[in-house]
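Since this is a predicted model, take the numbers as computed values, not measurements.
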Amino acid sequence: MKTTALALLLAVAAAGADADAMPLQPLADKPGRLTVKGLPGKVYYVPSTPETIQWGYLPNASDRPLLTVPSGATVVFDTLSHEGLLEDQGRDAQRYFAAQGVPANRVLKDAIAITRSALPHDFAKDGPHIVTGPIAVAGAQPGDVLKVEVLAVTPRVPYGVISNRHGRGALPGEFPEGPKPEPDASAAEPEKFRNVSVFTPIRKDRRGQWQGVMKNARGDEVTFPTAPFMGVMGVAAATGEPVHSVPPGVHGGNMDVKDLGVGSIVYLPVFVPGANFYTGDPHMAQANGEVALTALEHSMRATFRLTLLKQGDPRIPSASGSLAKPFGETKDYWIAIGLDPDLDEAMKDAVREALRFLHEKLGMDRAVALAYLSAATDFNVSQVVDRTKGIHALIRKRDFATVKRRSSR
């Protein structure tokens, strides 16, 4: 896609960059080609409707794709945050957000439609996430790699929600403080869940950057910067069994790596024909750890370029010509991702993945690579609240400028 065409598309995707333009209501009620005047190339659109989402689960090998797109296609997703839609918030988006002072015309129509639908969702058993997709990429086969470029992540509304729920988060049993849930809690009486949700508006600061806004007990404002990204990005797992949306895995899913925002690349191993990409769990801001349970959950319009890398393609970040697990990249960093239910093992997994990459792609002796990682690479706790915990390593690209110049000769 030419630069001018891409700029036009991103202008469309970012139409809600000003609060006055919000909400970004759905562009269509079905997946299909997106027609933008003056925009050539193949661009596709996927809304979040009861027919295009899975609530609490990820697509698997049994799910048929909503669309099949060619490699290199740009796909725009209108995604929904689950916050404000769940049973402990009443499963009524219109009523929940009205109680927070949101005018009826600033509540997303797709959020209302999903909460009013008959779509089943078990609050105690199912994951919370609204997952949109899957989308197949023509020609993808197991052993290939899907390159996912994050082109835009734009807020659809000027507010989000951060939640802490009983038995979850970094301090289960300690938070939420106060009474425990009542056994007959339900969407009809959501207050009986005794969970805590903090409604959080966003606004622009003097530099034109979005910031989250909270208040202390005296009513003084507390503001913090935002950095939108998609918590869930993945491909279908090679199983016909249900895949819960909470724990991430080799298929990607709920990785919650905050560095994988606009301008980043996610490399995902392909396990089923078509790859079957999906996304969800949009965030406006998240700190490493995500200790309450959720980040600032916030409905987003997300735009991706999906490119198929056939097995053996030199652009794949491995020497084997394929990948065993997700790998990330930004302008400044390569991102090695470690996942395990045990945080210590997740750390080991991230170190091993960073070592593999430095050895295979940058020609470092493994002992020297370990020494380099110890001196120069930060290993961050992505999240500790998704059953499978995450650690990600930020390998600084500028440290390898000589290596990259030599390899390009």
Side-chain angles (χ1 to χ4, degrees), residues 6-7 9-17 24 74-81 83 129 131-133 146-160 162 200 202 204-205 207-212 223-234 248 252-268 277-290 294-307 317 326-337 339 350 378-383 385-386 390-397:
L6 178 59
L9 172 64
L10 296 185
V12 172
L24 290 188
T74 301
V75 186
V76 179
F77 290 80
D78 268 338
T79 67
L80 285 172
S81 168
E83 291 300 325
H129 309 102
V131 180
T132 307
L146 185 65
K147 178 184 178 183
V148 180
E149 296 172 82
V150 184
L151 302 181
V153 183
T154 304
R156 299 180 62 197
V157 287
Y159 54 82
I162 307 166
T200 307
I202 60 169
K204 286 194 172 179
D205 62 18
R207 297 171 300 159
Q209 303 298 311
W210 286 114
Q211 59 182 3
T223 61
F224 55 91
T226 63
F229 75 102
M230 299 304 296
V232 168
M233 294 180 281
N254 188 31
M255 296 183 290
D256 279 343
V257 177
K258 72 171 189 175
D259 297 278
L260 297 176
V262 176
S264 69
I265 300 171
V266 185
Y267 298 91
L268 297 166
F277 175 77
Y278 51 83
T279 191
D281 190 28
H283 296 159
M284 191 67 184
Q286 179 191 303
N288 284 324
E290 200 183 17
T294 83
L296 175 48
E297 310 289 325
H298 202 120
S299 297
M300 295 285 175
R301 177 167 291 167
T303 304
F304 306 93
R305 182 186 293 118
L306 305 180
T307 303
F327 191 87
E329 182 179 356
T330 70
K331 181 174 72 73
D332 298 318
Y333 298 99
W334 292 292
I335 303 177
I337 299 169
L339 300 169
D378 288 328
F379 286 77
N380 295 324
V381 178
S382 316
Q383 52 74 25
V385 296
D386 294 330
I391 300 278
H392 65 279
L394 297 176
I395 303 170
R396 208 165 30 238
K397 286 183 173 181

With rounding to the nearest 0.5 angstrom, report the [atom1] to [atom2] distance, [X] to [Y].
{"X": "Asp78", "Y": "Thr303", "atom1": "CG", "atom2": "OG1", "result": "9.0 Å"}
{"X": "Gln286", "Y": "Glu297", "atom1": "CD", "atom2": "CD", "result": "8.0 Å"}
{"X": "Lys204", "Y": "Gln211", "atom1": "NZ", "atom2": "CD", "result": "11.5 Å"}
{"X": "His392", "Y": "Asp256", "atom1": "NE2", "atom2": "CG", "result": "11.0 Å"}
{"X": "Gln383", "Y": "Leu339", "atom1": "CD", "atom2": "CG", "result": "7.5 Å"}
{"X": "Asp259", "Y": "Ile335", "atom1": "CG", "atom2": "CD1", "result": "4.5 Å"}

*Take Leu394 and Thr330, measure what side chain to side chain contact (heavy atoms under 4.5 Å, CB included) needs, and give me the verdict at the end.*
CA-CA 9 Å; Leu394 297 176; Thr330 70; over 6 Å; no
Could you check whether any side-chain heavy atom of [X] comes within less than 4.5 Å of a side-chain heavy atom of [Y], counting everything from C-beta outward?
{"X": "Phe277", "Y": "Met233", "value": "yes"}
{"X": "Leu260", "Y": "Val150", "value": "no"}
{"X": "Met255", "Y": "Val266", "value": "yes"}
{"X": "Val75", "Y": "Leu306", "value": "yes"}
{"X": "Asn288", "Y": "Lys258", "value": "yes"}
{"X": "Pro282", "Y": "Arg156", "value": "no"}
{"X": "Pro225", "Y": "Gln209", "value": "no"}
{"X": "Glu290", "Y": "Asp386", "value": "yes"}

*So Met284 and Met300, side chain to side chain contact (heavy atoms under 4.5 Å, CB included) or not? Walk me through it.*
CA-CA 8 Å; Met284 191 67 184; Met300 295 285 175; 3.3 Å; yes
Between [X] and [Y], which heavy-atom pair has the shortest distance, and what is it?
{"X": "Gly328", "Y": "Ile337", "value": "N-CD1, 4.5 Å"}
{"X": "Thr279", "Y": "Phe304", "value": "OG1-CZ, 3.7 Å"}
{"X": "Ala336", "Y": "Ala350", "value": "CB-O, 4.0 Å"}
{"X": "Gly261", "Y": "Phe229", "value": "CA-CB, 3.8 Å"}
{"X": "Ser299", "Y": "Ser81", "value": "OG-N, 3.0 Å"}
{"X": "Val262", "Y": "Val153", "value": "CG2-N, 3.5 Å"}

Check: [Y] main-chain N/O paired with [X] side-chain donor or acceptor under 3.5 Å:
{"X": "His298", "Y": "Tyr159", "result": "yes"}
{"X": "Asp378", "Y": "Asn380", "result": "no"}
{"X": "Thr226", "Y": "Trp210", "result": "yes"}

*Going through the checks in order, is the side chain to side chain contact (heavy atoms under 4.5 Å, CB included) test met by Leu24 and Thr154?*
CA-CA 9 Å; Leu24 290 188; Thr154 304; 4.2 Å; yes
*Indicate the ring-plane relationship of Phe327 and Tyr267, choosing parallel, tilted or perpendicular according to the 30° and 60° boundaries.*
tilted
*Between Tyr333 and Arg396, does a side chain to side chain contact (heavy atoms under 4.5 Å, CB included) hold up when you go through it step by step?*
CA-CA 5 Å; Tyr333 298 99; Arg396 208 165 30 238; 4.1 Å; yes
